[in-house]
Amino acid sequence: MQKEIELKVPTSYADITLRKWLAMSKDMANYKDEEEAVTALMFMHLCGLEAEYTQKLSIDSYNTLKAELLSFMNNTDLPLQQFVTIDGVEYGFEPNLSEMAYGAYSDITAFKNLAIDDNWAKIMSILYRPVTDKRKKGMYSIKTYDGKIESDKFLDVSMDVHFGALFFFVHLSMDLLNFTLNSMTQTEYPANMKLILERSGALIQQSYLSPMETLQKSMK
């Protein structure tokens, strides 16, 4: 007797939470050189297809599922979303990094690198804080940083928001690598922040390229 399985295949990063992404990445780290195992883990974490059923898929179904994931996973260079609503509360991205409170700056730089890992939700909790005021021309204010980090709130925020924030720093780090620090921008960022952005360049790429590269290889 055949068993029917209903799959929920994501169609964009808006359908994948940080919690799910981190769980998938952690499992995949144990099977870096095993493409079939990595693909099965992606099916399991993203589509809800248990590994035991992956082998029972027809070749057409197997390739179709991979193609549907690749249709959006190839593009992680997403725009920064200034606002995100969590549990009915609107959060805004730090409106001016050059004037970031020392406590916020100090707590972020303590993580050494900016990459989607176990510390990323904490970094997002520092960068995104409740909006206290919105004005014309896109101006807004957010709650003053008080050292309280509510990382759990950001674990269930979708990856389009997380990648948007990540790539905000990706582009900053690329600017820092390609131009002199003095000519990069007229806005001066703290020296330690610049060093962290430079150091994070390679780790940033690793944090989002690995799953896509593995899936692409298995399609060949």
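In this text the structure is predicted, and so the values were computed from the model without any measurement.
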Subject >> Atom pair CG/NZ of L69 and K66 - distance to nearest 0.5 Å >> reply: 10.0 Å
Subject >> Inter-residue atom distance M100.CE - I108.CD1, 0.5 Å rounding >> reply: 4.0 Å
Subject >> Any D27 side-chain heavy atom under 4.5 Å of M44 side chain >> reply: yes
Original post:
So do D107 and K122 actually touch side chain to side chain, heavy atoms under 4.5 Å?
Top reply: no
**OP:** Identify the heavy atoms of D152 and R19 that sit nearest to each other, and give their distance.
**Re:** O-NH2, 4.3 Å
Subject >> Heavy-atom check, side chain of K20 versus side chain of T17, under 4.5 Å >> reply: yes
**OP:** Please examine the side chains of L18 and D156, heavy atoms only from C-beta on, and report whether any two atoms are closer than 4.5 Å.
**Re:** no
Subject >> Rounded distance (nearest 0.5 Å) linking atom CG of L7 with atom CD of E68 >> reply: 9.5 Å
**OP:** For the residue pair L22 and I116, establish whether any side-chain heavy-atom pair is separated by less than 4.5 Å.
**Re:** yes
Subject >> Minimum side-chain heavy-atom gap Y62-I59 below 4.5 Å >> reply: no
Original post:
So how far is it from T54 OG1 to L65 CG, rounded to the nearest 0.5 Å?
Top reply: 8.0 Å
Original post:
Ignoring hydrogens and geometry, is there a side-chain-to-backbone donor-acceptor pair from S125 to E150 under 3.5 Å?
Top reply: yes
Subject >> CG-CZ distance between L57 and F43, expressed to the nearest 0.5 angstrom >> reply: 7.0 Å
Original post:
What closest approach, in Å, do M24 and L41 show between heavy atoms, and which atom pair accounts for it?
Top reply: CG-O, 4.5 Å
**OP:** In sequence, state the C-alpha distance, the side-chain angles, and the governing distance for R129 and Y145, and then conclude on side-chain contact (heavy atoms from CB on, under 4.5 Å).
**Re:** CA-CA 8 Å; R129 303 194 296 279; Y145 184 65; 3.8 Å; yes
**OP:** Enter the distance from M124:CE to F93:CZ here, rounded to the nearest 0.5 Å.
**Re:** 8.0 Å
Original post:
How far apart are the C-alpha atoms of L127 and F168, what are their side-chain angles, what is the distance that settles it, and do they pass the side-chain contact (heavy atoms from CB on, under 4.5 Å) test?
Top reply: CA-CA 12 Å; L127 292 171; F168 174 81; over 6 Å; no
Original post:
Under 3.5 Å, is there a donor-acceptor pair between the T64 and S61 side chains?
Top reply: no
Original post:
If you draw a 6.0 Å radius around CD in Q55, do more than 12 non-hydrogen atoms from other residues or ligands fall strictly inside?
Top reply: no
**OP:** For the pair T85 (side chain) and G88 (backbone), establish whether a donor and an acceptor sit closer than 3.5 Å, ignoring hydrogens and angles.
**Re:** no
Original post:
Should Y91 and V131 be marked as a side-chain contact (heavy atoms from CB on, under 4.5 Å) after you check the CA-CA gap, both sets of side-chain angles, and the distance that decides it?
Top reply: CA-CA 5 Å; Y91 291 75; V131 174; 5.7 Å; no
Subject >> Distance-only donor-acceptor check, side chains T11 and D15, under 3.5 Å >> reply: yes
Subject >> 4.5 Å side-chain heavy-atom contact, D118 and F111 >> reply: no
Subject >> V84 side chain reached by V157 side chain, heavy atoms, under 4.5 Å >> reply: yes
**OP:** Classify the side-chain pair D160/S158 by whether it contains a donor and acceptor separated by less than 3.5 Å.
**Re:** yes
Original post:
Do I126 and Y102 belong to the same hydrophobic cluster, where Ile, Leu, Val, Met, Phe, Trp and Tyr are linked whenever their side-chain heavy atoms lie under 4.5 Å apart, directly or via other members?
Top reply: yes
Subject >> Quiz item: cation-pi between K134 and F83, 6.0 Å / 45° >> reply: yes
**OP:** For side-chain contact (heavy atoms from CB on, under 4.5 Å), just list the numbers for Y128 and I123, CA-CA rounded to whole Å, side-chain angles, deciding distance to a tenth of an Å, and then say yes or no.
**Re:** CA-CA 9 Å; Y128 281 90; I123 293 173; over 6 Å; no
**OP:** Can you see which heavy atom on S141 is nearest to which on R135, and at what distance?
**Re:** OG-NH1, 3.2 Å
**OP:** Establish, yes or no, whether a centroid distance under 6.0 Å links the rings of F163 and Y13.
**Re:** yes
Original post:
What are the two closest heavy atoms between L80 and A165, and how far apart are they?
Top reply: CD1-CA, 3.8 Å
Original post:
Just by distance, do the side chain of H162 and the backbone of L155 share a donor-acceptor pair under 3.5 Å?
Top reply: no
**OP:** Can you establish whether the number of heavy atoms outside Y31 located under 6.0 Å from its atom OH is more than 12?
**Re:** no
